[in-house]
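Here the structure is a predicted model, which is why all the values come from computation and not from measurement.
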Amino acid sequence: MEESVRPSSTVKGTPQHIDLQSIPLPPQRGAGVAAAVDTTSARPPYAAWESRYRAWVIGSDVFTAFVLIVMSAFLIDRSDPHDMHAAGTAAAFLFGLSVCRAWSPRVLGEGAEEYRTLGRGLVATAVLVALGGLLFGALAVQPWVFIVVPMISVFMFLQRYALRQVLHRRRRLGECLLPVLAAGSPDTVADLIARTKADPHVGWRVEAVCTYTGTGAERGSGEVEGVPVVGKLDELAGHVRRGGYRVVAVTADQHWNPKRLQRLAWDLEGTSAEMVVAPMLMEVAGPRLNVSGVLGMPLLRVSAPAFTGGRRLVKEVLDRFGSTLLLTLVSPLLLAIAIAIKVDDRGPVIYRQRRVGRDGHTFTMLKFRTMVTDADKLKQDLQAENEGAGPLFKMRKDPRVTRVGALLRRYSLDELPQLFNVVSGRMSLVGPRPPLPEETAKYAPDARRRLLVKPGLTGLWQVSGRSDLSWAESIRLDLRYVEDWSLALDLVILWKTFRAVIQGRGAY
């Protein structure tokens, strides 16, 4: 697990050992205006670790591809060597990843986007190898297209993940963070600061703030959420040049207008700062947002969420196939759990409960029973000790949970029978948490949007803290999934689910 990676250790998973101490990092400066020493627009020292990290990524990718291509050339073409196969694959690899910007600093460490661009680059590599074989008459390229390139892809994704865990570990220790100057209203800036502190793996640290009045939320206050206010919006560019900030985060404010934003973009030219503008649709991101020029104006196009169509069909097929495969693999475990539950208190093995699915249709959700048989009747007597968020009922030390049930909940093994719900089409492998009918009766209109898609065996709620989250945060995460769903996001959630289950965070 990533928590076990120490800054002085080594990580295996790339073609070579990566000694973290061999990636030297510049000293981190103090937060706030005290750190804004008088400099020119020279690139700040933060670029050192960025360049080194990018060099490790490129180096490990190229090394992996080179080793696997050389090995494949010997194994595949040993009886009738064709150097053009290996050379062509190597050239296609370099060209494909470069054109698809898989090594761009903008995507390295950027959530699912890094894996998405890497995937596009590797698909482009396979296509180029196939086309090259047809063009030059090297028709024996099938092993290279269907074996070598996929093998390179597997190793490359694993080593990218290993490198990212190293980066995330250091960011949680307060290192490898990009200094950010936030500009906007005190309320929206405060929200941004809270998000960066809650998710340090993103790599942002807000060190200074600019507001329209040059003060914080309270009249005359010189800070926002502990971050100093260094000036007004019109003074922002000067502070960026003197402070060497790497990101200028523009949040919502009634005083921002097209002319002021355009002037700011011009003033930041020649600096190392990247200007990032947060749209009013804060929870809409990813492939749904596109910028295009219409009538000479840049317009932000927001496409409708994809609830049907080809991608949803692919998701449906993967759900059915994946759940069937998982049921086959874990069938011995299912039998062992069933026996343990039966031996524990002689009660029923499966607990059936009505849940609300897509478009408000109810279905029977299956789980392994983890409580005493009359748990529902005892619930009313425990309402005073409810620790759940919103309409959810949760207790960290629920007396109704059996001995076997506590272990099943600890590692979410009680959820495994839900795979039958996925096979039947009532649920999906990834989606919002399946709510109870009494929960949905209390939903606000925005919360009801989570019923537009199938509920999932896992989801953003599952990998972000589960029962430790507030009700508002749980709803926000579910709505974010509904709005920004993609196949790449599903794959990331499935992988993070494995880690969350092993660690048992928020499970009770």
Heavy-atom side-chain proximity of V453 to R312 below 4.5 angstrom
yes

Looking at side-chain heavy atoms only, is the closest gap between L268 and Y245 below 4.5 Å?
no

Going by an N to O cut-off under 4.0 Å, is there a salt bridge joining R54 and E114?
no

Atom OH in Y481, atom CG in L489: separation rounded to 0.5 Å?
6.5 Å

side-chain contact (heavy atoms from CB on, under 4.5 Å) between I152 and I69, intermediate numbers included:
CA-CA 8 Å; I152 292 174; I69 288 173; 3.9 Å; yes

May I ask you to test the R172-H168 pair for a side-chain heavy-atom distance under 4.5 Å?
yes

For L233 and A183 the tightest heavy-atom approach is CD2-CB, 4.0 Å

Main-chain N/O of C176 paired to R171 side chain as donor or acceptor, under 3.5 Å
yes

Less than 4.5 Å apart, any side-chain heavy atom of R164 and any of Y115?
yes

Side-chain heavy-atom pair M365, M427 within 4.5 angstrom cut-off
yes

Give, for atom CG of L460 and atom CZ of R433, the distance between the pair rounded to the nearest 0.5 Å.
13.5 Å

Restricting to non-hydrogen atoms, name the atom on L122 and the atom on S153 that form the minimum distance, rounded to 0.1 Å.
CD1-OG, 3.3 Å

Would you mind reporting whether P186 and V209 have side-chain heavy atoms less than 4.5 Å apart?
no

Okay, side chain of S185, backbone of A252: is any donor-acceptor separation there less than 3.5 Å?
yes

Can a donor-acceptor pair be found, under 3.5 Å and without considering hydrogens, that links the side chain of T196 to the backbone of I193?
yes

Given 3.5 Å as the limit, does a donor-acceptor pair link the side chain of W485 with the main chain of G431, or not?
no

So which atom in T117 and which in C100 form the shortest heavy-atom distance, rounded to 0.1 Å?
CB-O, 3.9 Å

Starting from the C-alpha separation in whole Å, work towards a yes-or-no answer on side-chain contact (heavy atoms from CB on, under 4.5 Å) for T125 and L97.
CA-CA 8 Å; T125 299; L97 265 64; 3.9 Å; yes

What's the shortest heavy-atom distance between V189 and A182, and which atoms?
CG1-CB, 4.0 Å

Thinking salt bridges, do D234 and R260 make one under a 4.0 Å N-O criterion?
yes

From E50, E207, E274, residue fulfilling salt bridge (charged side-chain N to carboxylate O under 4.0 Å, His left out) relative to R246
E50

Atom NZ of residue position K232 - does it have more than 12 heavy atoms of other residues, nucleotides or ligands inside 6.0 Å?
no

How many angstroms lie between CG in L416 and OG in S323, if you round to the nearest 0.5 Å?
12.0 Å

Measuring from R241:CZ to T271:OG1, what's the distance to the nearest 0.5 Å?
6.0 Å

Check R450 with E439, please: is the shortest side-chain N to carboxylate O separation under 4.0 Å?
no

side-chain contact (heavy atoms from CB on, under 4.5 Å) evaluation trace for E415 with T497
CA-CA 12 Å; E415 313 283 354; T497 297; over 6 Å; no

Contact check, side chains of L318 and L429, non-hydrogen atoms, under 4.5 Å
no

side-chain contact (heavy atoms from CB on, under 4.5 Å) evaluation trace for L333 with L413
CA-CA 9 Å; L333 178 60; L413 296 176; 4.2 Å; yes

Is the terminal nitrogen or CZ of R195 (NZ for Lys, CZ for Arg) located under 6.0 angstrom from the six-membered ring centre of W204 and within 45° of that ring's axis?
no

In terms of side-chain geometry, is the basic nitrogen of K197 or E225 positioned less than 4.0 Å from the acidic oxygen of its partner?
no

Between T402 (side chain only) and T370 (backbone N and O only), is there a donor and an acceptor less than 3.5 Å apart?
yes

Does F157 have more than 12 heavy atoms from other residues, nucleotides or ligands lying within 6.0 Å of its CZ?
yes

Heavy atoms only: give me the nearest S72-L68 pair and the separation to one decimal.
OG-O, 2.7 Å

Tightest non-hydrogen contact, residues C210 and V230, listed as SG-CG2, 3.8 Å

Check the orientation of W103 and F93. Use parallel for under 30°, tilted for 30 to 60°, and perpendicular for over 60°.
perpendicular

Should W49 and L178 count as side-chain neighbours, where that means a heavy-atom distance under 4.5 Å?
yes

Between CZ on residue R449 and CG on residue D478, distance to nearest 0.5 Å:
12.5 Å

Euclidean distance, W495 CH2 relative to L491 CG, rounded to 0.5 Å
12.0 Å

